[in-house]
Amino acid sequence: MFKIAKERLNELYSKIAETFGLFIPIKKGGEVNYHVWGEGKEVSLETLKTVKSPKNAFFPQSENLMKFKTEGKNLEIIDVRWDKTEKPFVMFGVKACDYKAIEVLDKVFLADPVDTYYQSRREATTIVTLACSRPEESCFCNAFGIDATAPQGDVTTWLDGENLYWQANTQKGEALTAAVKELLTEGGEEKVEAQKASTKAIMEKLPFASLDLSRFKPENLNELFEDPAWESMSEACLGCGTCTFVCPTCQCFDIRDFKTNEGVIRYRCWDSCMYSDFTLMAHGNSRTTQMQRFRQRFMHKLVYYPSQNDGLYSCVGCGRCVNKCPQKLNIVKVIKTLGGKNND
Amino acid sequence: MIEETLIPKIGVVTDIRKDTPDVKTFRVVGTDGKKLFKHMPGQCAMVSIPGVGECMFSITSSPTNEEYMEFSIKKCGCVTEVIHALEVGAQITVRGPYGKNFPVEEDFKGKDLLFIAGGIGLAPLRSVINYVRHYRKNYGKVVIVYGARSKDDLVDIDEIQNEWVNEPNMEVYLTIDRPQEGWDGHVGFVPAYVKELGLDPNMTAVLCGPPIMIKFTLAGLLELGFEKSRVYTTLELRMKCGVGKCGRCNVGDKFVCKDGPVFRMTELDELPDEY
Ligand SMILES: Cc1cc2nc3c(=O)[nH]c(=O)nc-3n(C[C@H](O)[C@H](O)[C@H](O)COP(=O)(O)OP(=O)(O)OC[C@H]3O[C@@H](n4cnc5c(N)ncnc54)[C@H](O)[C@@H]3O)c2cc1C
Ligand code: SF4
Ligand code: SF4
Ligand code: FES
């Protein structure tokens with residue numbers, strides 16, 4: 001394990017930025033999000049929940065897929081994937097929940113046939129995670145078996161009042177370590193262990209510490225689907241889609257065409273299963289009520305996705321939807337209402 | 001360059017046939033004049049007019065046709081409207097094939113087969129039926145029941161009347177909803193006709209058509225003694241990616257684009273009723 005004094009973090013960022021594009025939580029206009037680092041930017045590593053999750057780096061809110069040009073009757077497809085030769089980049093300060101969320105997205109986008117747009121960014125990125133030391137009331141990653149005190153990633157870091165501690169986990173992580181080696185010194189194991197213990201003590205006392213997920217299993221799919229409680233749970237839902245946009249694991253997208261002076265651009269953008277036209281077809285709609293759409297979102301996180309992915313839930317307990325829903329609806333309420341008996 | 005499924009191939013429309021007032025069949029090849037890609041019966045493809053949009057259609061031609069692909073397309077909205085306005089020689093984009101096919105090489109082999117279609121539902125079935133005709137000796141007796149609103153709404157009537165009815169060990173029953181001048185065939189809805197025909201319940205059945213037709217026909221088949229495990233259908237949900245990623249076409253834990261569109265009735269029974 002290595003460490004670097006907190007006061008020298010800017011040197012570390014600057015060193016990384018020599019060879020990599022460095023994305024790091026930065027405060028801008030009152031919001032903290034992952035932005036490209038630069039001298040003088042207000043880095044906020046301690047912010048647990050960036051408004052937009054890191055998924056934006058791999059699966060951007062909107063991205064061009066291809067262009068079309070027409071000349072007379074002839075149509076031409078222009079591959080725009082390698083328009084910009086992207087230099088490798090580093091995502092710095094990713095929390096345990098958000099890292100897990102990237103694993104959840106990997107199972108979707110890297111499954112056959114691979115999504116090459118996602119894949120190229122994913123491969124070009126070294127992820128440096130940061131352990132949480134002050135989890136918030138809305139956090140419940142532990143309900144999904146995520147250890148916030150020791151996130152995975154190419155490099156894991158821990159931050160205390162004095163130092164940032166650094167441990168490489170993968171080849172990519174080793175390469176990054178080598179690039180910044182001159183700034184690192186050895187040591188820090190005891191401090192890290194101490195921090196882990198104190199964080200765990202806080203986690204245990206969090207309001208959602210003991211959520212019981214035991215009923216959310218593929219074999220209960222139909223029983224959960226039919227549960228009459230969906231009606232009352234979803235009554236207040238506005239269908240605004242906020243919960244899906246802030247969610248680090250929400251994957252739904254739309255593909256659309258846009259006419260420009262230089263031809264047609266086909267792009268994709270985030271979409272939301274909470275919207276009424278999401279499943280609208282020429283001959284009808286498979287989900288006509290907001291209850292059905294609300295149910296889809298939570299059934300997908302807690303039952304459908306796990307059923308397709310060896311039991312892995314596609315909620316990571318980041319708590320963003322808990323904080324952001326204008327109607328105070330969220331997955332915790334769903335888990336408490338429909339989950340195992342121990343939620344009472 | 002790494003292949004990306006979302007990036008389509010360019011197709012050239014080489015023939016357009018007007019089947020019914022609102023259905024046209026489009027023949028498509030690549031810019032090199034060859035077939036764009038191979039497929040199996042029941043699989044679909046995403047067809048698009050750049051700048052207008054992309055839609056999923058069944059590949060209605062048989063995989064045994066090595067020259068071209070065909071799509072029978074019903075005009076019902078913005079994209080299909082523009083497709084209907086195309087002329088021979090027009091270039092479009094096509095990507096696929098997507099989805100699971102009918103088990104023609106597995107469960108269907110050696111079986112007596114019953115195909116029941118309503119309206120544009122013939123599109124996916126035409127591919128299987130012609131596949132079965134091509135490998136005729138691999139299959140038993142074939143019975144086809146096909147219905148539409150009127151005689152003018154029967155898709156591909158020329159092929160049916162000139163080829164299918166003459167095929168050995170193959171019976172074709174056509175019906176239209178209401179009596180019509182110039183029609184001396186059967187009149188009535190498909191579900192009722194199926195019951196009237198008193199079909200052999202040991203056949204393996206495939207149903208394609210509007211949801212309401214499927215529902216009532218299935219009930220009829222079950223009354224006749226058919227087993228759900230030997231009845232197949234296809235589902236149609238809104239699609240964007242075609243490969244289980246855009247999150248749009250799921251019914252419960254299945255993506256229709258990837259795990260379907262062909263489903264066995266017993267598989268559908270296990271899914272929540274949301275399609
Ligand atoms: C697996 C599958 C196979 C199909 N096979 C055929 C076929 O062989 N022949 C045929 O005529 N039609 C078929 N359809 C239906 C066809 O995709 C729609 O009729 C078509 O998308 C309507 O598009 P539109 O833009 O003209 O209509 P609009 O109503 O203007 O469509 C608006 C948007 O809704 C989407 N949409 C509308 N209806 C559907 C629908 N039923 N399914 C998916 N997306 C829809 C379109 O993508 C479009 O972006 C099939 C659909 C699926 C899912
Ligand atoms: S559902 Fe809510 S808590 Fe779970 S990962 Fe998404 S935003 Fe976070
Ligand atoms: S659950 Fe809340 S955030 Fe999500 S769509 Fe409904 S009102 Fe909006
Ligand atoms: S069409 Fe995208 S998941 Fe099925």
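Predicted model only: the values in this text are computed from it and were never measured. Letters A, B, ... mirror the listed sequences (proteins, then strands); counts begin at 1.
The side-chain heavy atoms of B/E3 and A/P113, taken from C-beta on, include no pair separated by under 4.5 Å. Using a 4.5 Å heavy-atom threshold, the side chains of B/P50 and A/T70 count as separate.
Contact count against chain A (heavy-atom pairs under 4.5 Å) is highest for B/D253 among B/V12, B/I7, B/D253, B/L6. Between chain B and the options A/I255, A/N285, A/D112, A/V114, heavy-atom pairs under 4.5 Å are most frequent for A/I255. Between chain B and the residues A/I265, A/D254, A/T279, the largest count of heavy-atom pairs under 4.5 Å involves A/D254.
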>> side-chain contact (heavy atoms from CB on, under 4.5 Å), that's the test. Do A/R266 and B/E54 meet it? Break it down for me.
In response: CA-CA 10 Å; A/R266 179 162 294 168; B/E54 223 175 9; 3.4 Å; yes

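For B/V52 against A/D257, the heavy-atom pair with the smallest separation is N-OD2, 3.8 Å. Minimum heavy-atom separation, A/S286 to B/L237: OG-CD2, 3.8 Å.
Around atom NZ of A/K69, no more than 12 heavy atoms belonging to other residues, nucleotides or ligands sit under 6.0 Å away. Within a 6.0 Å sphere centred on NZ of A/K73, heavy atoms belonging to other residues, nucleotides or ligands number more than 12. Dense packing is recorded around CD of B/E106, with more than 12 heavy atoms of other residues, nucleotides or ligands lying under 6.0 Å away. Residue-environment remark: CZ (B/R17) exceeds the threshold of 12 foreign heavy atoms within 6.0 Å. No more than 12 heavy atoms of other residues, nucleotides or ligands shown are found within 6.0 angstrom of NZ on A/K324.
Within the 4.5 angstrom heavy-atom criterion, atoms from both the backbone and the side chain of A/F253 approach chain B. Within the 4.5 angstrom heavy-atom criterion, no atom of B/P210 approaches chain A. Using a 4.5 Å cut-off between heavy atoms, B/I49 touches chain A through its backbone atoms (N, CA, C, O) alone. Looking at A/R268, the atoms closer than 4.5 Å to chain B (heavy atoms on both sides) all sit in the side chain, from C-beta outward. Heavy-atom distances place no part of B/K258 under 4.5 Å from chain A, backbone and side chain included. Interface remark: A/K259 contributes side-chain atoms only to the contact with chain B (heavy atom separation under 4.5 Å).
By a heavy-atom distance cut of under 4.5 Å, A/Y304, A/S307, A/Q308 are the residues of residues 299-316 of chain A near chain B, going up by number. Residue-level contacts of residues 216-229 of chain A with chain B, in order of numbering, are A/L221, A/N222, A/F225; threshold 4.5 Å between heavy atoms. For residues 91-100 of chain B, the interface with chain A (any heavy-atom pair closer than 4.5 Å) comprises B/Q91, B/I92, B/T93, B/R95, sorted by residue number. Heavy-atom neighbours of chain A within the stretch residues 242-252 of chain B, taken at a separation under 4.5 angstrom, comprise B/V243, B/G244, B/K245, B/C246, B/G247, B/R248, B/N250, B/G252.
B/M56 CE to A/M281 CE: the interatomic distance, rounded to the nearest 0.5 Å, is 13.0 Å.
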